[in-house]
Amino acid sequence: GVEVGPQPQGVARADVLDKMRKIVKHGLDFVQLFNEGKEFPPCTIEVFKIMEKVDYPRNKNGEIIAIIHPKLQDQDWQPLKNGDPQFLTLDGEVIPYQGDCTVYPTFINEAAYYEKKQAFVKTEKIKLTAKHLRLSVS
């Protein structure tokens, strides 16, 4: 499966559809080249590994008492460091991120995740290395 976004639920966006088509085409090109015996050299890529889901601050009744801080909004995949603004209470108080390492939030303030009690997902940036790849013919 391929999920490309973000985009609002129930909305078809031409730019997002174009990105999805390009991703699928690259995947099919890879399969074709692999099946033709092309050798792919080793490579290293950066990826984002999910660490944990972060909920909105809530009161004792389970009601949300703070929203995503404007400096965090629309900053998916950007570094969030200790002390950076994370939430903003309805009274205007800033709730900073408190962590011992830089994280890379994603799915920030996505409408589909409110019911799942998820303000965003913390990820860490890691490097993956792949060995060379070639179809072995028997």
Side-chain angles (χ1 to χ4, degrees):
V2 176
E3 180 179 346
V4 182
Q7 69 179 5
Q9 293 174 308
V11 174
R13 290 181 42 159
D15 61 331
V16 175
L17 180 60
D18 185 55
K19 288 177 185 177
M20 185 271 309
R21 284 183 175 142
K22 286 178 182 173
I23 290 170
V24 171
K25 182 186 178 315
H26 286 305
L28 293 173
D29 289 345
F30 170 82
V31 170
Q32 180 177 347
L33 291 170
F34 178 79
N35 287 339
E36 291 172 356
K38 176 167 176 61
E39 184 170 346
F40 294 89
C43 66
T44 301
I45 60 170
E46 287 185 340
V47 298
F48 296 88
K49 180 180 176 186
I50 292 175
M51 298 168 68
E52 66 178 306
K53 297 174 183 176
V54 177
D55 191 8
Y56 293 90
R58 296 177 183 272
N59 64 18
K60 62 183 177 187
N61 297 326
E63 299 162 327
I64 294 174
I65 59 169
I67 57 176
I68 295 293
H69 192 280
K71 289 186 177 180
L72 181 57
Q73 184 64 51
D74 300 321
Q75 296 301 307
D76 294 77
W77 312 112
Q78 300 304 310
L80 180 65
K81 300 178 216 114
N82 188 44
D84 286 349
Q86 180 177 230
F87 295 106
L88 185 64
T89 68
L90 302 178
D91 296 332
E93 178 187 340
V94 174
I95 301 173
Y97 168 64
Q98 296 177 346
D100 55 1
C101 67
T102 298
V103 296
Y104 298 82
T106 189
F107 304 113
I108 300 169
N109 203 24
E110 293 274 341
Y113 296 114
Y114 272 76
E115 67 186 35
K116 296 180 183 345
K117 296 185 175 182
Q118 179 180 314
F120 61 89
V121 173
K122 288 194 312 189
T123 68
E124 63 180 327
K125 191 187 295 190
I126 62 171
K127 290 185 180 188
L128 294 180
T129 302
K131 299 177 182 177
H132 79 278
L133 182 64
R134 184 175 188 172
L135 178 67
S136 58
V137 181
S138 307

Quick one: are the ring centres of Tyr114 and Tyr56 less than 6.0 Å apart? yes

Check the hydrophobic clustering (I, L, V, M, F, W, Y; side-chain heavy atoms under 4.5 Å; chains of links allowed) and say if [X] and [Y] are grouped together.
{"X": "Phe107", "Y": "Met51", "result": "no"}
{"X": "Val11", "Y": "Leu17", "result": "no"}
{"X": "Leu90", "Y": "Ile64", "result": "no"}
{"X": "Ile50", "Y": "Tyr113", "result": "yes"}
{"X": "Val121", "Y": "Trp77", "result": "no"}

Can you tell me how far the [atom1] atom of [X] sits from the [atom2] atom of [Y], to the nearest 0.5 Å?
{"X": "Ile95", "Y": "Leu72", "atom1": "CD1", "atom2": "CG", "value": "12.0 Å"}
{"X": "Ile108", "Y": "Asp74", "atom1": "CD1", "atom2": "CG", "value": "8.0 Å"}
{"X": "Leu88", "Y": "Gln73", "atom1": "CG", "atom2": "CD", "value": "12.0 Å"}
{"X": "Lys49", "Y": "Glu124", "atom1": "NZ", "atom2": "CD", "value": "5.5 Å"}
{"X": "Thr106", "Y": "Gln78", "atom1": "OG1", "atom2": "CD", "value": "10.5 Å"}

Full working for salt bridge (Lys or Arg N to Asp or Glu O under 4.0 Å) between Lys19 and Asp15: CA-CA 6 Å; Lys19 288 177 185 177; Asp15 61 331; 5.1 Å; no

Can you tell if the side chain of [X] reaches within under 4.5 Å of the side chain of [Y], non-hydrogen atoms only?
{"X": "Leu33", "Y": "Glu36", "value": "yes"}
{"X": "Lys131", "Y": "Pro42", "value": "no"}
{"X": "His69", "Y": "Phe87", "value": "no"}
{"X": "Glu93", "Y": "Pro57", "value": "no"}
{"X": "Phe120", "Y": "Ile68", "value": "yes"}
{"X": "Val103", "Y": "Tyr97", "value": "yes"}

Lys53 vs Lys116, side chain to side chain contact (heavy atoms under 4.5 Å, CB included): CA-CA, chis, key distance, verdict: CA-CA 10 Å; Lys53 297 174 183 176; Lys116 296 180 183 345; 5.9 Å; no

Does Arg58, at its CZ atom, have more than 12 non-hydrogen atoms belonging to other residues, nucleotides or ligands within less than 6.0 Å? yes

Is the number of heavy atoms from other residues, nucleotides or ligands under 6.0 Å of Lys71 NZ greater than 12? no

Backbone N or O of Asn61 within a donor-acceptor pair of the Asn59 side chain at under 3.5 Å? yes

Start with the C-alpha distance between Gln98 and Asn82, add both sets of side-chain angles, then the distance that settles side chain to side chain contact (heavy atoms under 4.5 Å, CB included), and finish with yes or no. CA-CA 5 Å; Gln98 296 177 346; Asn82 188 44; 4.1 Å; yes

Take Leu28 and Gln32, measure what side chain to side chain contact (heavy atoms under 4.5 Å, CB included) needs, and give me the verdict at the end. CA-CA 6 Å; Leu28 293 173; Gln32 180 177 347; over 6 Å; no

Assess whether side chain to side chain contact (heavy atoms under 4.5 Å, CB included) is satisfied between Tyr104 and Asp76, documenting all intermediate values. CA-CA 7 Å; Tyr104 298 82; Asp76 294 77; over 6 Å; no

Is Asp18 salt-bridged to Lys22, going by a charged N under 4.0 Å from an acidic O? yes

Please find the pair of heavy atoms, one from Leu80 and one from Pro85, that lie closest to each other, and give the distance. CD1-O, 4.0 Å

